[in-house]
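Each remark here refers to the structure printed beneath this line.
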Amino acid sequence: MILILSPSVDTGSDEYAQLMEHLRNLPNVQARLHHERGVQQLLTEVYLIGDTAALDLGDMESLPCVERAVRVSEEYRILGRHKDDKRPTFFEYNGVHFGQDNLSVFAGLCAVDERPNVERMMQALQENGQVCTRMGAYKPRTSPYSFQGHGKACLPYVFELAGKYGIRVIAMEITHESHIHEIHEALHQTGDPTGVMLQIGTRNTQNFELLKHVGRQQDYPVLFKRGFGITLEESLNAAEYLASEGNRRVVFGLRGMKSNLGDPHRNFVDFAHVPVVKRLTRMPVCIDPSHSVGSRDQAPDGLLDIMHITAQGVIAGANMILVDFHPVPSRALVDGPQALLPEELPVFLEDVQIARRAYEQRAALARRAEITAHPG
Ligand code: PEP
Ligand code: MN
């Protein structure tokens with residue numbers, strides 16, 4: 001059960017002390033506090049874990065400082081959507097809204113290689129009105145002999161250029177907890193010109209110790225990628241690790257599943273799960289068409305497979321797109337074959353807008369028709 005306390009509750013007040021005393025005396029129930037600084041106020045929630053079945057919602061709502069009580073199912077307690085759950089399905093970070101109700105595009109380099117390529121990419125983003133990008137500095141590679149990313153050495157110029165071109169959020173994968181500190185230091189040294197969304201890659205989906213570290217910090221939101229060889233339920237439980245440690249600003253990323261059944265694509269595209277994740281949880285859902293498809297193959301209608309499956313994810317209600325671009329794909333050190341060109345950004349964005357408009361029309365249709373899950 002979750003108790004949502006009155007906004008900006010005074011934790012030094014008598015009422016608060018009474019509430020805590022009452023909770024301490026509940027048999028076989030532990031209380032875990034979660035504070036979150038929203039745009040206007042401090043939100044405090046108390047998670048009750050243990051024998052909560054016998055607790056009455058009305059009784060709990062009548063306790064001092066409690067505004068609302070929500071009974072949660074066992075799964076995904078914090079990030080999940082529960083019955084009569086009105087908790088938000090969005091968060092704000094560095095002036096950008098991430099929610100189940102909107103769409104952001106993160107086009108950029110799979111891996112940072114040379115400064116001029118970063119600059120050309122950021123320039124193209126600004127020319128096309130984009131404020132988010134992806135830039136890999138720490139690359140988890142299948143082979144130990146492959147390029148592993150420039151690491152912290154490239155961070156200062158990546159952040160400076162982001163500031164110069166008005167980029168507000170960079171999705172950047174980390175593979176070790178020490179990278180959080182390196183990013184923090186580099187941002188600080190460059191005068192905090194931009195923001196970072198920490199990316200957990202598919203190879204680290206169940207790296208629980210890393211998840212705990214990332215969950216314990218609240219400076220940066222998280223793009224959490226689904227594990228490519230485990231069930232959706234296992235991946236959602238892994239995402240919950242972040243929230244259970246304190247960070248609930250999590251976007252859930254679909255990036256295709258490892259299976260030869262998906263051939264000739266690099267991974268079996270799983271964007272049919274966009275609405276499923278939105279139904280089971282309150283997380284915005286990201287799609288990664290580049291790592292799903294893995295090539296610039298083109299359909300007879302002229303559209304690239306990457307554009308086709310981007311549209312499939314967007315028309316199903318995706319909230320974020322992570323997509324690889326590179327000014328000179330043949331010289332990219334990672335994933336060149338799947339990169340789009342900066343000059344293709346306008347057409348990519350227009351195609352995305354077509355699919356997004358179609359999604360909005362479809363959602364409006366469903367509202368008008370009042371479709372229900374179980375008729376009768
Ligand atoms: C990436 O986005 O660069 C990446 C490595 O993705 P994934 O973890 O999905 O393979
Ligand atoms: Mn890649």
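Values reported hereafter were calculated over all heavy atoms of this structure, with side chains retained and with hydrogens, waters and symmetry mates removed. Order of listing sets the numbers, starting from 1, for every ligand and every atom in it. Sequence positions, counted from 1, serve as the residue numbers for this chain.
Nearest-heavy-atom check against atom 7 (P) of ligand 1 across Arg134, Lys225, Glu173, His291 picks out Lys225.
Nearest to the Mn ion (ligand 2), among the N, O or S atoms that Asp335 has, is OD2.
With a 6.0 Å radius and a threshold of 12 heavy atoms from other residues, nucleotides or ligands, His184 has its NE2 atom at or below the threshold. Residue Arg141 places its CZ atom among more than 12 non-hydrogen atoms of other residues, nucleotides or ligands, all under 6.0 Å distant.
The shortest distance between side-chain heavy atoms of Arg226 and Thr202 does not fall below 4.5 Å.
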Could you walk me through whether Glu119 and Tyr165 pass side chain to side chain donor-acceptor pair (under 3.5 Å), step by step?
CA-CA 9 Å; Glu119 181 145 22; Tyr165 292 100; 2.6 Å; yes

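Using a 4.0 Å cutoff on heavy atoms, Gly136 does not count as a contact of ligand 1.
Listed by atom number, the atoms of ligand 1 under 4.0 Å from Cys110 heavy atoms are 3 (O). Close approach to Gln199 involves these atoms of ligand 1, each under 4.0 Å from a residue heavy atom: 1 (C), 2 (O). The distance from ligand 1 to the heavy atoms of Gly201 drops below 4.0 Å at these ligand atoms: 8 (O).
For Arg255, a nitrogen or oxygen atom sits less than 3.5 Å from a nitrogen or oxygen atom of ligand 1, counting backbone and side chain alike.
Within the 6.0 Å centre-distance limit, the rings of Phe90 and His97 are counted as a close aromatic pair.
Asp335 and His326 form no side-chain donor-acceptor contact under 3.5 Å, judged by distance and modelled atom types alone.
Nearest protein heavy-atom contact of atom 8 (O) of ligand 1 is Thr202 N, 2.8 Å.
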